[in-house]
Amino acid sequence: MESEIIYYALGVVTSPFIGSLILTIFAFIHYAKTHGHEETEENNHEEHEEHGLKYTPLENFVSTIGILSIFASWVFMLLLAIKFFTTEHHGAFLTTSYDFFGFPVTQNIQVGLLVDALSVYMGLIVTTLALLIHMYAREYMHGDKGYPRFFATFNFFTGIMLSLVFSSSFFELFIFWELVGLSSYLLIGFWIFKPSAAHAAKKAFLYNKVGDVALLSGFLILYKLTGTLNFMELPDKIHNLTPLQTALISVLIFGGVIGKSAQFPLYTWLADAMEGPTPVSAILHSSTMVKAGVYMVARVFFLYWQAHEGEYNFAGDNWALAVVAWVAAITALLAGLQALVENEIKRILAYSTVSQISYMVLALGAGSKTAAMYHLLSHATFKALLFLTAGAVIHVVHTNNIWEMGNLRKKIPKTFTAMLIGAIGLSGFPGISGFWSKDAVLATVYYSDVPGNKILFTLGVVTAFITALYTTRFIIVVFFREPTPENIERVEHAHDGGFFLTIPPLIMAALVILESLTFIPTPIFKFEEWLMEWLEPGVHAHEVALTLPILSAIVVLLGIGTGIYLYYYNYNILASLNQNKVIIPIREFIAQRYYIDKVLYWIANVPAMIVSRLLQDIDIKIIDRTIIDTWIVKGSLGLAKISDVFDQGIIDGIVNGVWMIALTLGRAFRKLQTGIVSNYASIFAAALVIFLGYVNFLIFIK
Amino acid sequence: MTAIPIEYPLILSSALFSLGVFGVITQKNAVRILIAIELIINAANINFVTFASYNPNADISGWVFALFIIAVAAGEAAIGLAIFINVFRNFGEINVKHLFTLREV
C-alpha cells in the first residue's frame with residue numbers, strides 16, 4: 001500500500017519533467033535548424049485563418065507531447081489521491097530520504113517525497129489546472145514562433161511546482177522555490193522581443209529575491225537551532241525554541257511569502273507579470289506559483305500556531321502572527337482598490353489575485369490552515385477560469401483595455417458563460433464557491449486570538465465589498481455596456497475561439513459549479529469539516545454564528561448592486577464622480593500603485609547612490625588626487641629623472657667613452673705606421689734589445 | 001791540440017749580427033739593406049755551426065741547418081733583388097725613405 005503511493009507520487013513528479021526534457025531537446029534541434037529566423041515582434045505571429053484553425057505538424061507534435069505528459073501526471077495524481085484518501089491512516093507517507101551529497105555541513109539535510117493530505121490536496125489542484133491550461137495553450141499559442149520553447153518551459157514549470165508541493169524538507173522546498181522563480185522569469189519574459197516583458201520578468205525576479213533572502217535566513221536560523229530541516233521532524237524539535245526565536249523565524253519565513261505570494265509591499269510585480277502569455281498568467285500568476293507561499297506557511301504551520309488540546313495557541317510571540325495577519329489584510333484592501341481603478345483586464349485579475357491570496361494569508365495568520373487551503377482551492381479554480389476567458393476575450397478583440405470592448409455577450413456566448421460563472425465565484429455571490437471559502441476565512445479571523453482581530457475582520461468585509469464591486473465592473477464593461485463608436489468595428493468581428501480555446505474554460509466553469517455544490521454544508525457532508533479532519537486532525541472547528549454568513553452575503557450583494565447601478569444604469573454618476581476634485585487625486589494615488597514602486601526604488605536607489613557618491617569622492621579626492629597625483633606621479637617622475645641621468649650619463653658615457661678611446665688610440669697609433677721600412681726595423685731591433693735585456697736581467701737575478 | 005775557445009766564434013757572430021742590424025737600420029739603399037740582412041743570416045749560420053762543432057754528442061743537425069739556411073738565403077736574395085728591380089722600374093729609385101705609399105696619408 002505504502003509503496004504504491006510512493007510510486008504514484010514519483011510518477012506525478014517525473015512525468016512533466018520527461019515531457020519537458022523531450023521538448024527541450026526538440027526545441028534545441030528546431031531552433032538550430034531554423035537558425036537565422038529569430039523571433040521578432042514583426043514575424044512572431046504568422047498570419048493564419050481565423051476560421052478553420054490548422055495546426056502545423058510541429059505544433060501538433062509539441063502540444064501533444066506537452067499535454068500527454070501532464071495528462072500522465074494527472075492520472076498518477078488521481079490514482080494517488082484515491083489511494084490516499086481511502087486509507088484509514090491519516091498520517092503522512094515519506095519516501096526514503098536521501099542525504100544531500102553527504103557533506104558534513106549538510107548533515108541531516110535530506111531530499112525526498114512527502115505525501116500527506118496537504119501535498120495531495122495541492123497536487124490535485126496543480127495537476128488538474130495544469131492539464132486544462134496546457135490544452136488551452138495548444139490553441140492560444142498557435143502561430144507563435146516560440147511554440148516549442150513555450151511548451152518546454154511550461155512543462156518544466158509544472159514539474160517544478162509539483163516537486164515543490166511534494167518536498168520533504170525545507171532545503172528541498174527552497175531549491176524548487178527558486179526554480180519556480182526561474183520558470184516564472186522565463187515565462188513572463190517569454191516574448192523576448194518586447195522590452196516591457198523583459199523588464200517585467202526582471203522585476204518579478206528581483207522582487208522575489210528580496211523575499212527569498214529573508215526566507216533563506218529564516219530557515220537557516222531554524223536549522224542552526226534545531227539541527228534539522230525535515231518537515232516530519234521539525235514539529236517535535238520546535239518546542240525547544242524560545243517564543244522570541246520562533247516568532248523571528250516565522251516572520252523571516254513570511255518574508256519569502258511576501259515576495260512569492262505578492263504581499264505588501266512587494267506585490268506590484270504580479271501586475272507587471274501580466275506581460276507574459278495568458279496561459280502563464282492563468283497557472284503561474286494566479287492559481288499555483290503565487291500560492292506557493294500560502295502552501296509553504298501551511299506546511300510549516302506549527303511555526304505559527306501550535307495545536308494544544310484541540311485549540312490553537314501562539315507558537316511564538318503573538319506579534320509574529322500580527323505581522324502576518326496585518327500585512328495580509330492591508331494587502332487585500334490595497335490591491336482590491338487598485339483592481340477597481342485598473343483598465344487592463346488582465347491587470348484587474350492580477351490585483352484581484354493579490355487581494356484573494358491575502359485572504360488566504362490572513363486565514364493562516366489568524367490560525368486556520370483549513371480556511372486558507374479551502375479558499376486556495378476555490379480561488380485557484382475560478383481565477384484560472386477568469387484568466388483563460390480573459391485570454392480568449394483578448395484573443396478575439398485584440399485589446400487589453402476593457403473600455404475598448406463592450407457588449408460582447410452575444411458575440412462570444414461560450415466565453416461569456418464561462419467568464420460569468422468565474423466572476424460569480426470571485427465576487428462571492430451567496431451559495432457559489434467563493435462565498436463559502438471566503439466566509440470560512442472571515443469566520444476564522446472573527447474568532448481568532450490574533451491582535452486586532454475585529455479590525456482585521458472589518459478590513460476583510462470591506463475587501464469583500466470591493467471584490468464584488470470590481471468584479472461587477474469588468475463584467476458589465478466588457479459584456480453589457482454598449483461599445484464606444486470607435487470600437488464598434490472591433491467588437492463586431494469578435495467570435496468564439498476554437499475547440500481548445502472554449503472547452504477548457506467550460507470544463508473549469510463546470511468545476512466551479514461542482515465545487516459550489518460540494519461546498520454547501522449539509523447535515524450529511526460538510527466539506528470544511530472533512531478538509532479539517534484531514535489537514536488538521538484533532539483540532540476543533542469554531543461554532544460559527546449564523547450572522548457572519550448573512551453579513552457576508554449582504555455585503556457582497558450590496559457590492560454587486562452598487563456595481564450594476566454605477567456602471568450599467570447610471571453611468572453619469574460615475575462620470576461626475578470622476579470629475580470630482582476630491583476623487584481625482586485619490587484615484588491618481590491608487591492608479592500610481594500608492595507610489596510603492598517609487599518608494600521601493602527610492603529605498604533601493606538612494607542608499608546605493610549615497611554610498612556610491614561617497615566612494616566616488618573617495619576615489620577622486622583621495623585616490624586620484626592624493627595617492628595617484630601626488631605620490632605615484634611624483635615618485636615615478638623622480639625615478640624617471642634618476643634613470644634618465646643614469647642613462648644619459650653612465651650608459652651613454654660608457655658607449656661614447658668606448659668609441660672615443662678607440663678613436664684617440666687609433667689616432668695615436670696611426671702615427672707609428674710611417675710606412676718606412678727602416679723605422680719598423682729600428683723598432684723591431686729596439687724591442688729585441690729590450691727583450692734580450694729583460695731575459696738577461698732575469699738570468700742575472702737568478 | 002788546443003781547441004779554439006767557443007767565445008771567439010760567438011763573438012765573431014755577434015759582431016756580424018750587430019753590423020747587420022746596424023746596416024738594416026741606417027742604410028737607405030735597398031740593396032745595402034739586403035747585404036746587411038745577408039750579414040745577419042751568416043751570423044746565425046756561424047752560431048749554428050759553432051754549436052754543432054762543440055756539441056759533445058756529435059749531432060750534425062746544426063750543420064744541416066746551416067746548409068738549409070744557405071739555400072734559403074740564396075733564394076731570398078734572388079727574390080729580394082727581383083723586387084728591387086721592379087720597385088726601381090716603378091719609382092725610379094730604390095731609396096727606402098721615399099717608399100712609403102702603404103702608409104695612411
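Sequence lines set the chain letters: A, B, ... in the order given, protein chains first and strands last, and positions in each chain run from 1.
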Can you check side chain to side chain contact (heavy atoms under 4.5 Å, CB included) on B:Ile25 and A:Ser678, steps first, answer last? CA-CA 5 Å; B:Ile25 292 169; A:Ser678 309; 5.8 Å; no
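The two atoms that bring B:Val96 and A:Ile676 nearest to each other are O-CG2, 4.1 Å, heavy atoms only.
For A:Phe174, the CZ atom is densely surrounded, since the number of other residues' heavy atoms within 6.0 Å is greater than 12. With a 6.0 Å radius and a threshold of 12 heavy atoms from other residues, nucleotides or ligands, B:Phe65 has its CZ atom at or below the threshold. Surrounding CZ of A:Phe684 are at most 12 heavy atoms belonging to other residues, nucleotides or ligands under 6.0 Å away. Atom CD1 of B:Ile60 is surrounded by 12 or fewer heavy atoms from other residues, nucleotides or ligands within 6.0 Å.
Only the side chain of B:Val21 comes within contact range of chain A, with heavy atoms under 4.5 Å apart.
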